[in-house]
2 protein chains.
Amino acid sequence: MSSRITLKDLAKKLNLSPSTISRALADHHSIGEETKKRVREKAEEVGFTPNSIAASFRKKKTKSIGIIVPRIDVHFHSRVISGIEEFAYKTGYNVTIFQSKDSFVREKEITKILQNRMVEGIIVCLSIETQDYEHFKRFKKLGMPLVFYDRVPSSLDANKIIVNDFESAFTATEHLIKNNCKRIAHIAGSQNTDIFKERLKGYTAALKKHHLKIDPDLILPTNNLSYEEGVICANKYLEMESRPDGVFCANDYTAVSVIQVFRKAGINIPKDVAIVGFSNYPISGIIEPNLTTVNDRAFQMGEAAARLLTRQIEDEENYIGSEIITLNTELIVRESSIRKASNK
Amino acid sequence: MSSRITLKDLAKKLNLSPSTISRALADHHSIGEETKKRVREKAEEVGFTPNSIAASFRKKKTKSIGIIVPRIDVHFHSRVISGIEEFAYKTGYNVTIFQSKDSFVREKEITKILQNRMVEGIIVCLSIETQDYEHFKRFKKLGMPLVFYDRVPSSLDANKIIVNDFESAFTATEHLIKNNCKRIAHIAGSQNTDIFKERLKGYTAALKKHHLKIDPDLILPTNNLSYEEGVICANKYLEMESRPDGVFCANDYTAVSVIQVFRKAGINIPKDVAIVGFSNYPISGIIEPNLTTVNDRAFQMGEAAARLLTRQIEDEENYIGSEIITLNTELIVRESSIRKASNK
DNA sequence: TCTTTTTACACAAACGTTTGCGTTAATGTT
DNA sequence: AACATTAACGCAAACGTTTGTGTAAAAAGA
């Protein structure tokens, strides 16, 4: 209720000028040690906390960054955000989050909100609907640093943090091949999204390298890689005359549903068919058999995004608007894909 | 790089005073419709976006709220945050997040950061280490609205959003009893935390009501209800001479491990022993058999917290510092607890 | 001892908005 | 026709900090 104590008030109490107080609190060299101590003590005594809005206003620095994610409660994103927050906290930034809810219009609305100096930079993972990037181009004009992660704009020259989806999918598929799989299926994500296109490419490339036939019937597309879609795909595989003996799934949810559907049908995993997922969701370590999957390094992705963003914020002169950082994944081999036959 | 266009610049271009521009953009009644249109069009043309820091500074309103959570990549919290963000977005607030990482000192540091008018109110879930609430009392003195959720300070008079843990545990346990369980075990959370104390109380109360013996050996305490701790507890139950025929677990992770350990030991679930968890984590709907659990209403909890907080921010006169809102949970009955014997 | 440098502080402007009040012209009221 | 009301806009102060510059006294150099 009562208006808080200001730097001026503190100055009056100490018979000093506001500028001295400001500098004393900032540990400026031109203020005497004795005075600094007096100021600090009095500030503590009267409970003075500087008005950071006024400071931001004056300094033209808010020390805060914005994040736009499709949804916060998707585990992948919450881990990325955690990485961002961790890095930001250490470097004195704070993070403001918005969720686009995978809506293009909401994403645009959010960018409007963020254009007014509230944040010094933005980290974004595109909504699934987004095909047009006009609303992000404005940030470039405004000189506001921008970093995309995971779902990045293919046609836009920008900072991007991605994972080597192609190679990840390649080694995941090759892992199945090495485990004696001959007919390897793939449950694919939406082909409107680059990352899922890359995973499909990596899958086919691995088959090609090892001279395995690429059977289009074994490649099943999905919209959002949901658990339910995974069940449908699994059932399709079950009905086939010659079933696959290995399945590379573009995420863990669909992999889990394949495991469950197959098991219920009396199929032994990994003996009859080996399964590999993608993303290393918590469930992958719990489901039985434990799921082989690729660690997508979500936390590191967040850190990398925050690091790149803050560097661009602080290095105004060497401002590079289009750096692409590719993170290396790691195949976590667990029970679901190890077949004694060729366990190398 | 180039300093952005300001309201004053816009005023010059239009031969109007800054005040008129400001009011025109705010759709003030004392500005002519014709003028408003001119202003809006010119603003659009030159790409003027108001400096919200300056506005916040002048109006003394930042329209933003802060959140302190233990970790944002814990699913429960990310859902709460999602609920907060959703409500905040609709009402024009934006949210800044901090994670305490369950560290008391970091929590204190964060509260220091938040004391400087950056946010107009704070929503917090206490770190597991926090026993002393002195750092939150300062907010009361400063008149800064504060709302706790889930892990709330027991000895502090404050706004709290909680779930009726006692009743939830009671009905969960009673559900087991109705399903013909006679020896019901309980895997309990840390008894330093109120919510887990309440769940234990609800469990014992249900047993008492139905005249079942309360066997202390069946009540196993844990530190953080992790999957691994669940495995340990499950093995202890296995080794008992007279095993439980029902287990009420204080969360879903431990429930899942009990299911898996028991199944591996050849025990049929739910026929031999029925299991109930708590929180309705995604895995509860996937694990086989599907886990009966209580929906903890995380998203609604976030909404309720945000609603209460914004009301207190905007109703300065009727400021109530200690409202307690209890959300009702819902028992989601699935396979893991349904025994044909007394399936009512 | 006189000048130069350093130390330690004060002055005042500035950041970009918002808002109470004042002013003019147009409209409405008797 | 004289007055009251309203409509539409301008003036100027204010929000609380930071920072370039000015200045006095103290210390150092000659």
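As the structure is a prediction and not an experimental result, all values here were calculated from the model. Chain letters run A, B, ... following the sequence lines, proteins first and then strands; every chain starts at 1. The basis for the numbers below is simple: all heavy atoms, side chains too, and nothing from hydrogens, waters or symmetry mates.
- Centroid-to-centroid, the aromatic rings of B:F136 and B:F148 come within less than 6.0 Å.
- Taking the side chain as every heavy atom from C-beta outward, B:P70 and B:S127 never approach each other to under 4.5 Å.
- In terms of polar N and O atoms assigned as donor or acceptor, the side chain of A:S19 comes within less than 3.5 Å of the base of C:dC11 in a complementary pairing.
- At the heavy-atom level, A:I53 lies nowhere under 4.0 Å from the strands shown.
- The NE2-P distance, from A:H28 to D:dT19, rounds to 8 Å in whole Å.
- Remark: B:K36 NZ is packed, more than 12 non-hydrogen atoms of other residues, nucleotides or ligands lying under 6.0 Å away.
- As judged by a 4.0 angstrom heavy-atom cut-off over every strand, A:D9 is placed among residues making no nucleic acid contact.
- Aromatic stacking is marked for A:F57 over C:dC15, as both cut-offs hold: 5.5 Å for the centres and 30° for the planes.
- With respect to the salt-bridge test (charged N to carboxylate O, under 4.0 angstrom), the residues A:D102 and A:R151 qualify.
- On a pure distance criterion of 3.5 Å, no polar donor-acceptor pair joins the side chain of A:R58 and the base of D:dG20.
- Between B:G32 and A:S22, the residue anchored nearer the 5' end of DNA chain D, judged by the nucleotide with its closest heavy atom, is B:G32.
- Relative ring orientation between B:F104 and B:H135 is described as perpendicular, the plane-to-plane angle rising above 60° on a 0-90° scale split at 30° and 60°.
- The stretch residues 40-49 of chain A touches DNA chain D through A:F48, each having a heavy atom under 4.0 angstrom from the strand.
- Residue-level contact check: B:K8 touches the bases, meaning some heavy atom is under 4.0 Å from a base atom.
- Taking the charged nitrogens against the carboxylate oxygens, A:K101 and B:E86 do have a contact shorter than 4.0 Å, which makes a salt bridge.
- Remark: the A:T35 side chain and the C:dC9 base include no donor-acceptor N/O pair separated by less than 3.5 Å.
- Neither OP1 nor OP2 of C:dG16 sits under 4.0 Å from any side-chain N or O of B:T6.
- Candidate nucleotides C:dG20, C:dT17, D:dT19 were compared by shortest atom distance to the side chain of A:R23, and D:dT19 ranks first.
- Straight-line distance from the CZ atom of A:R117 to the C1' atom of C:dG16: 12 Å, rounded to whole Å.
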Worked check of side chain to side chain contact (heavy atoms under 4.5 Å, CB included) between B:C125 and B:Y149:
CA-CA 5 Å; B:C125 175; B:Y149 77 85; 3.4 Å; yes
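- Closest to the side chain of B:L16, out of D:dG10, C:dT18, D:dG16, is D:dG10.
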